[in-house]
Amino acid sequence: MVESKRRDSNPAEDKEEARDVATSDQRLQDLGYRAEFRREMSLFGVLGISFCAIGILTGMSSAFQTGLFSGGPVGLFWGWNICSFFMFLIALSLAEICSTYPTMGGLYFWVCKMKPDMPILGFFTGWLYSMAMAFTGASVGTKAIGRMSTFNVWWTLGGTLVLAITLLVKAPVKNTPNFVFTNFQNFTGWESRGFVVLLGFLQAVYTLEGCETAAQVAEEAVRAEILAPLAVVGSIAGSWVIGLAYMLSLLFAVQNIASVQATTFAIPISQLFYDAVGPQLAQLCLVVVTLAQVMAAITNFTASSRLFYALARDNAFPLKRQFTTLNRFQAPYWGVWTSVLIGCVISCAYIGSAVAFNAILSSAAISVMLSYLQPIVIRVFWPDSIEDFGPFCLGKWSWPFCVFICILFVLPTAYPVNVLNMNYAIVAVGGLLVIITINWFWWGKYSFKGPVKTFTFK
(Lines give C-alpha, C1' and ligand atoms only; values in the text may rest on other atoms or scores of the structure.)
Protein backbone atom coordinates (compact mmCIF):
# COMPACT_ATOMS: atom_id res chain seq x y z
CA MET A 1 0.00 0.00 0.00
CA VAL A 2 2.87 2.33 0.85
CA GLU A 3 4.58 1.43 -2.40
CA SER A 4 1.36 2.17 -4.28
CA LYS A 5 1.18 5.64 -2.76
CA ARG A 6 4.76 6.27 -3.70
CA ARG A 7 4.13 5.22 -7.29
CA ASP A 8 1.06 7.46 -7.50
CA SER A 9 2.92 10.44 -6.09
CA ASN A 10 4.41 12.86 -8.62
CA PRO A 11 7.72 14.21 -7.29
CA ALA A 12 7.51 17.31 -9.50
CA GLU A 13 4.00 18.15 -8.27
CA ASP A 14 4.98 17.50 -4.66
CA LYS A 15 7.96 19.78 -5.03
CA GLU A 16 5.87 22.53 -6.59
CA GLU A 17 3.23 22.24 -3.86
CA ALA A 18 5.90 22.40 -1.17
CA ARG A 19 7.32 25.51 -2.82
CA ASP A 20 3.87 27.13 -2.93
CA VAL A 21 3.26 26.33 0.74
CA ALA A 22 6.66 27.77 1.64
CA THR A 23 5.86 30.94 -0.32
CA SER A 24 2.52 31.31 1.45
CA ASP A 25 4.08 30.73 4.87
CA GLN A 26 6.79 33.26 4.08
CA ARG A 27 4.17 35.83 3.15
CA LEU A 28 2.42 35.21 6.47
CA GLN A 29 5.70 35.53 8.36
CA ASP A 30 6.36 38.85 6.63
CA LEU A 31 3.08 40.04 8.16
CA GLY A 32 4.31 38.93 11.60
CA TYR A 33 2.49 35.62 12.08
CA ARG A 34 3.79 32.08 12.45
CA ALA A 35 2.01 29.46 10.34
CA GLU A 36 -0.35 27.53 12.66
CA PHE A 37 -2.70 25.85 10.19
CA ARG A 38 -2.06 23.23 7.53
CA ARG A 39 -2.48 24.63 4.02
CA GLU A 40 -4.85 22.11 2.45
CA MET A 41 -7.33 24.28 0.53
CA SER A 42 -7.29 24.77 -3.23
CA LEU A 43 -8.83 27.58 -5.28
CA PHE A 44 -12.08 25.66 -5.62
CA GLY A 45 -12.22 25.10 -1.86
CA VAL A 46 -11.57 28.77 -1.03
CA LEU A 47 -14.04 29.89 -3.70
CA GLY A 48 -16.56 27.46 -2.27
CA ILE A 49 -16.19 29.06 1.19
CA SER A 50 -17.26 32.47 -0.10
CA PHE A 51 -19.85 30.96 -2.41
CA CYS A 52 -21.28 28.92 0.45
CA ALA A 53 -21.31 31.93 2.80
CA ILE A 54 -23.23 33.99 0.21
CA GLY A 55 -25.69 31.12 -0.14
CA ILE A 56 -27.70 31.97 -3.24
CA LEU A 57 -30.34 29.30 -2.69
CA THR A 58 -30.74 30.06 1.02
CA GLY A 59 -30.43 33.83 0.95
CA MET A 60 -32.74 34.37 -2.00
CA SER A 61 -35.27 31.80 -0.81
CA SER A 62 -35.51 33.30 2.69
CA ALA A 63 -35.62 36.95 1.57
CA PHE A 64 -37.39 36.67 -1.79
CA GLN A 65 -40.68 37.92 -0.37
CA THR A 66 -39.04 41.21 0.66
CA GLY A 67 -38.56 42.18 -2.97
CA LEU A 68 -41.75 40.49 -4.14
CA PHE A 69 -43.88 42.63 -1.81
CA SER A 70 -41.73 45.78 -2.22
CA GLY A 71 -41.66 46.50 -5.93
CA GLY A 72 -42.57 43.09 -7.28
CA PRO A 73 -40.89 41.50 -10.31
CA VAL A 74 -39.56 44.78 -11.72
CA GLY A 75 -37.90 45.66 -8.40
CA LEU A 76 -36.51 42.18 -7.96
CA PHE A 77 -34.99 41.97 -11.44
CA TRP A 78 -33.43 45.42 -11.58
CA GLY A 79 -32.56 45.42 -7.89
CA TRP A 80 -30.66 42.17 -8.28
CA ASN A 81 -28.60 43.39 -11.22
CA ILE A 82 -27.90 46.85 -9.79
CA CYS A 83 -26.92 45.53 -6.36
CA SER A 84 -24.84 42.74 -7.90
CA PHE A 85 -22.92 45.32 -9.92
CA PHE A 86 -22.10 47.44 -6.88
CA MET A 87 -21.32 44.38 -4.76
CA PHE A 88 -18.93 43.35 -7.52
CA LEU A 89 -17.18 46.73 -7.15
CA ILE A 90 -16.98 46.19 -3.39
CA ALA A 91 -15.54 42.71 -4.01
CA LEU A 92 -12.86 44.18 -6.29
CA SER A 93 -11.99 46.74 -3.62
CA LEU A 94 -11.76 44.12 -0.88
CA ALA A 95 -9.80 41.77 -3.14
CA GLU A 96 -7.15 44.44 -3.63
CA ILE A 97 -6.60 44.66 0.12
CA CYS A 98 -6.93 40.90 0.62
CA SER A 99 -4.11 40.23 -1.83
CA THR A 100 -1.89 42.51 0.26
CA TYR A 101 -2.85 41.08 3.66
CA PRO A 102 -3.86 37.38 3.22
CA THR A 103 -4.57 36.52 6.88
CA MET A 104 -7.60 35.04 8.62
CA GLY A 105 -8.17 38.33 10.44
CA GLY A 106 -9.68 39.60 7.21
CA LEU A 107 -11.42 42.96 7.45
CA TYR A 108 -10.24 43.47 11.02
CA PHE A 109 -6.56 42.91 10.21
CA TRP A 110 -6.73 45.07 7.09
CA VAL A 111 -8.02 48.05 9.07
CA CYS A 112 -5.33 47.54 11.73
CA LYS A 113 -2.54 47.49 9.14
CA MET A 114 -3.91 50.39 7.11
CA LYS A 115 -4.44 52.67 10.14
CA PRO A 116 -2.01 51.39 12.80
CA ASP A 117 -2.18 54.74 14.62
CA MET A 118 -5.89 54.18 15.40
CA PRO A 119 -6.26 50.69 16.94
CA ILE A 120 -9.82 51.54 18.00
CA LEU A 121 -10.90 51.27 14.35
CA GLY A 122 -9.56 47.74 14.08
CA PHE A 123 -11.11 46.82 17.42
CA PHE A 124 -14.57 48.03 16.37
CA THR A 125 -14.30 46.38 12.94
CA GLY A 126 -13.28 43.05 14.46
CA TRP A 127 -16.07 42.99 17.03
CA LEU A 128 -18.76 44.25 14.66
CA TYR A 129 -17.84 41.75 11.99
CA SER A 130 -17.41 38.80 14.36
CA MET A 131 -20.86 39.42 15.84
CA ALA A 132 -22.38 39.68 12.38
CA MET A 133 -20.76 36.39 11.40
CA ALA A 134 -22.03 34.67 14.54
CA PHE A 135 -25.54 36.08 14.07
CA THR A 136 -25.89 34.77 10.54
CA GLY A 137 -24.31 31.32 10.79
CA ALA A 138 -20.88 23.46 13.68
CA SER A 139 -17.64 24.03 12.24
CA VAL A 140 -15.29 21.41 10.90
CA GLY A 141 -11.61 21.03 10.16
CA THR A 142 -9.69 22.51 7.27
CA LYS A 143 -9.77 19.57 4.90
CA ALA A 144 -13.39 18.73 5.68
CA ILE A 145 -14.62 22.30 5.23
CA GLY A 146 -12.74 22.50 1.94
CA ARG A 147 -14.48 19.39 0.69
CA MET A 148 -17.86 20.52 1.96
CA SER A 149 -17.55 23.95 0.34
CA THR A 150 -16.56 22.29 -2.94
CA PHE A 151 -19.61 20.04 -2.66
CA ASN A 152 -21.76 23.10 -1.94
CA VAL A 153 -20.68 24.72 -5.21
CA TRP A 154 -21.87 21.69 -7.15
CA TRP A 155 -25.00 21.40 -4.98
CA THR A 156 -25.89 25.03 -5.69
CA LEU A 157 -25.33 24.61 -9.42
CA GLY A 158 -27.26 21.35 -9.58
CA GLY A 159 -29.93 22.53 -7.15
CA THR A 160 -30.53 25.72 -9.11
CA LEU A 161 -30.90 23.66 -12.28
CA VAL A 162 -33.33 21.26 -10.59
CA LEU A 163 -35.40 24.08 -9.11
CA ALA A 164 -35.50 26.03 -12.37
CA ILE A 165 -36.56 23.02 -14.45
CA THR A 166 -39.13 21.90 -11.88
CA LEU A 167 -40.69 25.37 -11.61
CA LEU A 168 -40.73 26.12 -15.32
CA VAL A 169 -42.01 22.70 -16.37
CA LYS A 170 -44.60 22.08 -13.64
CA ALA A 171 -46.02 25.57 -13.13
CA PRO A 172 -49.60 25.48 -14.49
CA VAL A 173 -49.34 29.09 -15.69
CA LYS A 174 -46.13 30.66 -16.98
CA ASN A 175 -45.91 34.40 -16.62
CA THR A 176 -45.10 36.57 -19.62
CA PRO A 177 -41.81 38.46 -20.04
CA ASN A 178 -43.79 41.67 -19.72
CA PHE A 179 -44.89 40.60 -16.22
CA VAL A 180 -41.41 39.46 -15.17
CA PHE A 181 -39.58 42.61 -16.28
CA THR A 182 -42.16 45.37 -15.75
CA ASN A 183 -44.80 44.33 -13.19
CA PHE A 184 -44.89 46.48 -10.03
CA GLN A 185 -46.30 45.30 -6.69
CA ASN A 186 -46.69 47.17 -3.41
CA PHE A 187 -47.82 45.53 -0.19
CA THR A 188 -45.92 47.94 2.06
CA GLY A 189 -48.37 50.82 2.46
CA TRP A 190 -45.83 53.39 1.26
CA GLU A 191 -46.97 55.54 -1.66
CA SER A 192 -43.65 56.40 -3.26
CA ARG A 193 -42.93 53.85 -6.00
CA GLY A 194 -39.23 54.69 -5.99
CA PHE A 195 -38.89 54.16 -2.24
CA VAL A 196 -40.81 50.88 -2.42
CA VAL A 197 -38.48 49.56 -5.14
CA LEU A 198 -35.46 50.58 -3.05
CA LEU A 199 -36.83 48.57 -0.12
CA GLY A 200 -36.87 45.59 -2.45
CA PHE A 201 -33.13 46.04 -2.98
CA LEU A 202 -32.59 44.74 0.56
CA GLN A 203 -33.31 41.22 -0.65
CA ALA A 204 -30.39 41.37 -3.08
CA VAL A 205 -27.95 42.92 -0.62
CA TYR A 206 -28.84 40.46 2.13
CA THR A 207 -28.30 37.56 -0.27
CA LEU A 208 -24.99 38.78 -1.71
CA GLU A 209 -23.13 39.51 1.53
CA GLY A 210 -20.34 37.06 2.39
CA CYS A 211 -17.76 37.25 -0.42
CA GLU A 212 -15.05 38.35 2.05
CA THR A 213 -15.33 35.04 3.94
CA ALA A 214 -12.50 33.66 1.80
CA ALA A 215 -10.11 35.79 3.86
CA GLN A 216 -11.03 33.85 7.03
CA VAL A 217 -9.38 30.72 5.60
CA ALA A 218 -6.45 32.51 3.95
CA GLU A 219 -3.97 30.89 6.35
CA GLU A 220 -5.28 27.46 5.32
CA ALA A 221 -4.92 27.95 1.55
CA VAL A 222 -1.95 27.50 -0.75
CA ARG A 223 -0.88 30.82 -2.35
CA ALA A 224 -3.58 32.66 -0.42
CA GLU A 225 -2.41 36.02 -1.74
CA ILE A 226 -3.69 34.86 -5.14
CA LEU A 227 -6.49 32.42 -4.33
CA ALA A 228 -8.32 34.46 -1.66
CA PRO A 229 -8.76 37.60 -3.84
CA LEU A 230 -9.86 35.44 -6.77
CA ALA A 231 -12.42 33.77 -4.51
CA VAL A 232 -13.72 37.11 -3.24
CA VAL A 233 -14.37 38.38 -6.76
CA GLY A 234 -15.33 35.06 -8.32
CA SER A 235 -17.96 34.27 -5.69
CA ILE A 236 -19.83 37.50 -6.43
CA ALA A 237 -19.58 37.05 -10.20
CA GLY A 238 -20.85 33.47 -9.98
CA SER A 239 -23.59 34.35 -7.52
CA TRP A 240 -24.76 37.18 -9.78
CA VAL A 241 -25.33 34.79 -12.69
CA ILE A 242 -26.71 31.83 -10.73
CA GLY A 243 -28.93 34.06 -8.61
CA LEU A 244 -30.35 35.70 -11.72
CA ALA A 245 -31.23 32.30 -13.18
CA TYR A 246 -32.94 31.21 -9.96
CA MET A 247 -34.80 34.50 -9.64
CA LEU A 248 -36.12 34.41 -13.21
CA SER A 249 -37.41 30.88 -12.74
CA LEU A 250 -39.27 32.01 -9.60
CA LEU A 251 -40.75 35.04 -11.34
CA PHE A 252 -41.89 33.10 -14.40
CA ALA A 253 -43.47 30.42 -12.15
CA VAL A 254 -45.11 32.48 -9.38
CA GLN A 255 -48.87 31.94 -9.62
CA ASN A 256 -50.35 34.47 -7.24
CA ILE A 257 -48.33 37.10 -5.36
CA ALA A 258 -51.27 37.86 -3.07
CA SER A 259 -51.37 34.19 -2.09
CA VAL A 260 -47.68 34.27 -1.18
CA GLN A 261 -48.25 37.44 0.85
CA ALA A 262 -51.16 35.86 2.77
CA THR A 263 -49.46 32.50 3.37
CA THR A 264 -49.59 30.72 6.73
CA PHE A 265 -46.28 28.96 6.04
CA ALA A 266 -43.31 30.11 8.11
CA ILE A 267 -41.31 30.80 4.93
CA PRO A 268 -43.36 32.56 2.22
CA ILE A 269 -41.44 30.97 -0.65
CA SER A 270 -42.93 27.63 0.47
CA GLN A 271 -46.28 28.98 -0.71
CA LEU A 272 -44.76 29.93 -4.06
CA PHE A 273 -43.41 26.38 -4.47
CA TYR A 274 -46.75 24.88 -3.35
CA ASP A 275 -48.79 26.94 -5.82
CA ALA A 276 -46.38 26.34 -8.71
CA VAL A 277 -45.50 22.64 -8.45
CA GLY A 278 -47.86 21.06 -5.90
CA PRO A 279 -47.25 19.67 -2.41
CA GLN A 280 -44.91 16.77 -3.24
CA LEU A 281 -42.52 18.64 -5.52
CA ALA A 282 -42.67 21.61 -3.16
CA GLN A 283 -41.14 19.36 -0.50
CA LEU A 284 -38.37 18.42 -2.94
CA CYS A 285 -37.66 22.10 -3.56
CA LEU A 286 -37.48 22.79 0.16
CA VAL A 287 -35.09 19.86 0.70
CA VAL A 288 -32.71 21.35 -1.87
CA VAL A 289 -32.84 24.73 -0.12
CA THR A 290 -32.58 23.24 3.38
CA LEU A 291 -29.41 21.28 2.69
CA ALA A 292 -27.85 24.40 1.19
CA GLN A 293 -28.85 26.25 4.38
CA VAL A 294 -27.11 23.68 6.58
CA MET A 295 -23.87 24.03 4.62
CA ALA A 296 -24.12 27.82 4.71
CA ALA A 297 -24.52 27.74 8.50
CA ILE A 298 -21.48 25.49 8.87
CA THR A 299 -19.44 27.83 6.69
CA ASN A 300 -20.48 30.91 8.67
CA PHE A 301 -19.63 29.23 11.97
CA THR A 302 -16.29 28.13 10.55
CA ALA A 303 -15.45 31.66 9.40
CA SER A 304 -16.53 33.26 12.69
CA SER A 305 -14.46 30.79 14.73
CA ARG A 306 -11.38 31.72 12.65
CA LEU A 307 -12.10 35.40 13.25
CA PHE A 308 -12.41 34.80 17.01
CA TYR A 309 -9.03 33.06 16.78
CA ALA A 310 -7.47 36.03 14.96
CA LEU A 311 -8.90 38.54 17.44
CA ALA A 312 -7.76 36.53 20.46
CA ARG A 313 -4.29 36.11 18.92
CA ASP A 314 -3.95 39.91 18.89
CA ASN A 315 -5.40 40.45 22.40
CA ALA A 316 -8.61 41.95 20.95
CA PHE A 317 -10.73 39.15 22.41
CA PRO A 318 -10.78 37.72 25.96
CA LEU A 319 -9.63 34.21 26.93
CA LYS A 320 -6.71 34.27 24.50
CA ARG A 321 -5.35 30.83 25.39
CA GLN A 322 -8.72 29.13 24.97
CA PHE A 323 -9.70 30.81 21.70
CA THR A 324 -6.30 30.18 20.08
CA THR A 325 -6.22 26.47 20.93
CA LEU A 326 -6.73 24.08 18.01
CA ASN A 327 -8.12 20.56 18.22
CA ARG A 328 -6.80 17.60 16.25
CA PHE A 329 -8.92 18.64 13.26
CA GLN A 330 -7.18 22.04 13.10
CA ALA A 331 -10.32 23.83 14.29
CA PRO A 332 -10.37 26.53 17.03
CA TYR A 333 -13.07 24.71 18.96
CA TRP A 334 -13.75 27.45 21.53
CA GLY A 335 -14.67 29.79 18.70
CA VAL A 336 -16.75 27.04 17.11
CA TRP A 337 -18.91 26.42 20.16
CA THR A 338 -19.20 30.13 20.93
CA SER A 339 -20.54 30.66 17.41
CA VAL A 340 -22.95 27.74 17.76
CA LEU A 341 -24.22 29.04 21.12
CA ILE A 342 -24.85 32.53 19.72
CA GLY A 343 -26.57 31.01 16.68
CA CYS A 344 -28.89 28.94 18.90
CA VAL A 345 -29.81 32.00 20.98
CA ILE A 346 -30.60 33.98 17.82
CA SER A 347 -32.72 31.12 16.49
CA CYS A 348 -34.69 31.06 19.73
CA ALA A 349 -35.45 34.75 19.23
CA TYR A 350 -37.54 33.80 16.19
CA ILE A 351 -39.77 31.66 18.41
CA GLY A 352 -40.35 34.58 20.76
CA SER A 353 -40.71 37.39 18.22
CA ALA A 354 -40.37 37.47 14.45
CA VAL A 355 -39.89 41.25 14.67
CA ALA A 356 -36.91 40.83 17.02
CA PHE A 357 -35.47 38.11 14.78
CA ASN A 358 -35.75 40.32 11.69
CA ALA A 359 -34.12 43.20 13.58
CA ILE A 360 -31.19 40.95 14.49
CA LEU A 361 -30.73 39.84 10.88
CA SER A 362 -30.94 43.43 9.64
CA SER A 363 -28.42 44.57 12.25
CA ALA A 364 -26.09 41.77 11.17
CA ALA A 365 -26.35 42.93 7.54
CA ILE A 366 -25.63 46.52 8.61
CA SER A 367 -22.66 45.37 10.69
CA VAL A 368 -21.21 43.60 7.67
CA MET A 369 -21.65 46.71 5.53
CA LEU A 370 -20.04 48.90 8.19
CA SER A 371 -17.15 46.44 8.29
CA TYR A 372 -16.84 46.64 4.48
CA LEU A 373 -16.92 50.42 4.72
CA GLN A 374 -13.93 50.97 6.99
CA PRO A 375 -11.09 49.47 4.91
CA ILE A 376 -12.54 50.91 1.69
CA VAL A 377 -12.83 54.43 3.16
CA ILE A 378 -9.28 54.21 4.53
CA ARG A 379 -8.06 53.03 1.14
CA VAL A 380 -9.76 56.01 -0.58
CA PHE A 381 -8.92 58.85 1.80
CA TRP A 382 -5.51 57.59 2.93
CA PRO A 383 -4.06 56.19 -0.33
CA ASP A 384 -0.62 55.80 1.25
CA SER A 385 -2.06 53.36 3.82
CA ILE A 386 -0.96 50.51 1.53
CA GLU A 387 2.50 50.51 0.03
CA ASP A 388 2.24 47.30 -1.98
CA PHE A 389 -0.98 47.46 -3.97
CA GLY A 390 -2.68 44.46 -5.47
CA PRO A 391 -4.09 44.28 -9.01
CA PHE A 392 -7.43 45.91 -8.13
CA CYS A 393 -7.93 49.68 -7.83
CA LEU A 394 -11.67 50.42 -7.76
CA GLY A 395 -12.14 51.26 -4.08
CA LYS A 396 -13.32 54.84 -4.54
CA TRP A 397 -16.49 53.70 -6.35
CA SER A 398 -17.63 51.34 -3.59
CA TRP A 399 -17.92 53.16 -0.27
CA PRO A 400 -20.96 55.35 -1.11
CA PHE A 401 -22.95 52.17 -1.80
CA CYS A 402 -22.03 50.79 1.65
CA VAL A 403 -23.31 53.97 3.32
CA PHE A 404 -26.50 53.95 1.23
CA ILE A 405 -27.29 50.32 2.11
CA CYS A 406 -26.67 50.90 5.82
CA ILE A 407 -29.27 53.67 5.75
CA LEU A 408 -31.71 51.56 3.74
CA PHE A 409 -31.50 48.64 6.18
CA VAL A 410 -32.74 50.75 9.11
CA LEU A 411 -35.78 52.23 7.35
CA PRO A 412 -39.24 50.80 8.14
CA THR A 413 -40.50 48.44 5.44
CA ALA A 414 -44.23 48.97 6.03
CA TYR A 415 -46.58 51.93 6.44
CA PRO A 416 -48.20 53.03 8.65
CA VAL A 417 -45.43 52.23 11.11
CA ASN A 418 -46.37 50.67 14.45
CA VAL A 419 -44.68 48.64 17.18
CA LEU A 420 -45.32 45.38 15.32
CA ASN A 421 -43.87 46.30 11.90
CA MET A 422 -41.23 48.82 13.01
CA ASN A 423 -37.68 48.07 11.85
CA TYR A 424 -35.72 47.81 15.08
CA ALA A 425 -32.41 47.26 13.33
CA ILE A 426 -31.18 50.73 14.34
CA VAL A 427 -31.86 49.81 17.98
CA ALA A 428 -30.00 46.52 17.64
CA VAL A 429 -27.02 48.10 15.87
CA GLY A 430 -26.96 50.99 18.34
CA GLY A 431 -27.02 48.55 21.24
CA LEU A 432 -24.17 46.56 19.73
CA LEU A 433 -22.09 49.71 19.19
CA VAL A 434 -22.72 50.77 22.79
CA ILE A 435 -21.58 47.37 24.05
CA ILE A 436 -18.42 47.50 21.93
CA THR A 437 -17.71 51.07 23.06
CA ILE A 438 -18.05 50.13 26.73
CA ASN A 439 -15.87 47.09 26.10
CA TRP A 440 -13.21 49.28 24.48
CA PHE A 441 -12.97 51.77 27.33
CA TRP A 442 -13.30 49.11 30.03
CA TRP A 443 -10.89 46.53 28.62
CA GLY A 444 -9.96 46.89 24.96
CA LYS A 445 -7.82 50.04 25.02
CA TYR A 446 -5.61 48.54 27.73
CA SER A 447 -5.07 45.13 26.15
CA PHE A 448 -5.29 45.78 22.39
CA LYS A 449 -2.55 47.79 20.69
CA GLY A 450 -2.83 46.26 17.23
CA PRO A 451 -1.75 42.95 15.66
CA VAL A 452 0.62 40.94 17.85
CA LYS A 453 3.54 39.34 16.04
CA THR A 454 3.91 35.62 16.64
CA PHE A 455 6.92 35.40 14.34
CA THR A 456 10.04 37.55 14.17
CA PHE A 457 13.03 37.22 11.87
CA LYS A 458 16.31 36.54 13.67
Side-chain angles (χ1 to χ4, degrees), residues 51 54-88 152-187 196-211 234-261 263 267-278 281-282 284-289 292-293 296:
F51 198 72
I54 292 173
I56 287 298
L57 293 180
T58 59
M60 185 171 292
S61 297
S62 61
F64 186 76
Q65 70 277 1
T66 302
L68 195 63
F69 305 154
S70 304
V74 65
L76 280 167
F77 176 76
W78 292 107
W80 179 258
N81 287 288
I82 292 171
C83 290
S84 294
F85 172 73
F86 281 102
M87 288 297 290
F88 185 73
N152 178 263
V153 174
W154 292 112
W155 181 263
T156 301
L157 292 173
T160 302
L161 183 63
V162 168
L163 291 174
I165 292 176
T166 302
L167 288 167
L168 295 177
V169 171
K170 289 295 184 177
V173 177
K174 279 76 171 179
N175 295 311
T176 64
N178 182 63
F179 172 87
V180 170
F181 300 116
T182 65
N183 183 264
F184 174 81
Q185 298 286 332
N186 182 9
F187 291 85
V196 170
V197 170
L198 287 179
L199 289 177
F201 281 23
L202 298 179
Q203 176 268 338
V205 176
Y206 173 76
T207 302
L208 289 167
E209 287 182 335
C211 67
S235 60
I236 287 292
S239 297
W240 185 351
V241 175
I242 296 172
L244 182 61
Y246 181 38
M247 174 182 289
L248 289 176
S249 65
L250 291 171
L251 292 178
F252 275 107
V254 62
Q255 300 299 293
N256 189 328
I257 295 178
S259 172
V260 177
Q261 195 272 337
T263 184
I267 304 175
I269 202 169
S270 301
Q271 187 68 52
L272 189 154
F273 289 150
Y274 185 92
D275 294 342
V277 299
L281 287 178
L284 171 64
C285 294
L286 290 174
V287 167
V288 172
V289 174
Q293 178 64 66

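Just the heavy atoms: all of them, side chains too, but no hydrogens, waters or symmetry mates, feed the values below.
Closest heavy-atom contact between Thr160 and Thr156: OG1-O, 2.6 Å. Across all their heavy atoms, Leu167 and Ala276 have their closest contact at CD2-CB, 4.0 Å. Heavy atoms only, all atoms of each residue included: Val205 and Cys83 are closest at CG2-SG, 3.8 Å. Nearest heavy atom pair, residue Ile236 against residue Cys211, reads CG1-CB, 3.6 Å. Considering every non-hydrogen atom in both Gln203 and Gly67, the closest pair reads CB-N, 4.1 Å. Nearest heavy-atom pair, Gly238 versus Phe51, reported as atom, atom and distance to 0.1 Å: C-CE1, 4.1 Å.
For the atom pair CG of Asn183 and CZ of Phe179, the computed distance is 4.5 Å after rounding to the nearest 0.5 Å. Separation of atoms CH2 (Trp80) and CZ (Phe85) is listed at 15.5 Å; rounding is to 0.5 Å. In this structure, OG1 in Thr263 is found 10.0 Å from CD in Gln65, a value given to the nearest 0.5 Å. Atoms CG and CD, on Leu286 and Gln293 in that order, are 12.0 Å from each other to the nearest 0.5 Å. Atom CD in Gln261 sits 10.5 Å away from atom CG in Asn256 (nearest 0.5 Å). From Ile257, atom CD1 reaches atom CG of Asn175 across 8.0 Å, with rounding to the nearest 0.5 Å.
Residues Phe181 and Leu251 fail the side-chain proximity criterion, which asks for heavy atoms closer than 4.5 Å. Looking only at side-chain heavy atoms (C-beta outward), Tyr206 and Ser62 come within less than 4.5 Å of each other. The shortest distance between side-chain heavy atoms of Val260 and Phe64 does not fall below 4.5 Å.
In this structure, the side chain of Trp155 engages the main chain of Val288 through a donor-acceptor pair within 3.5 Å. Using modelled atom types, one side-chain atom of Gln255 and one backbone atom of Ala253 make a donor-acceptor pair closer than 3.5 Å.
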Check your understanding: Checking side-chain contact (heavy atoms from CB on, under 4.5 Å) for the pair Ile267/Val289: CA distance, chi angles, key distance, verdict?
Key -> CA-CA 12 Å; Ile267 304 175; Val289 174; over 6 Å; no
Review point. Going through the checks in order, is the side-chain contact (heavy atoms from CB on, under 4.5 Å) test met by Ser249 and Leu163?
Key: CA-CA 8 Å; Ser249 65; Leu163 291 174; 5.6 Å; no
Practice item. Take Ser61 and Tyr246, measure what side-chain hydrogen bond (donor to acceptor under 3.5 Å, both in side chains) needs, and give me the verdict at the end. Key: CA-CA 9 Å; Ser61 297; Tyr246 181 38; 2.8 Å; yes
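Crowding of Lys170 atom NZ: a count of heavy atoms from other residues, nucleotides or ligands under 6.0 Å not exceeding 12. The environment of CZ in Phe252 is crowded: more than 12 heavy-atom neighbours from other residues, nucleotides or ligands sit within 6.0 Å.
In this structure, Trp240 and Phe88 have tilted ring planes: the angle between them lies in the 30° to 60° band.
When each of Val196, Leu76, Asn186 is tested with Ser70 by the rule side chain to side chain contact (heavy atoms under 4.5 Å, CB included), just one qualifies, namely Val196.
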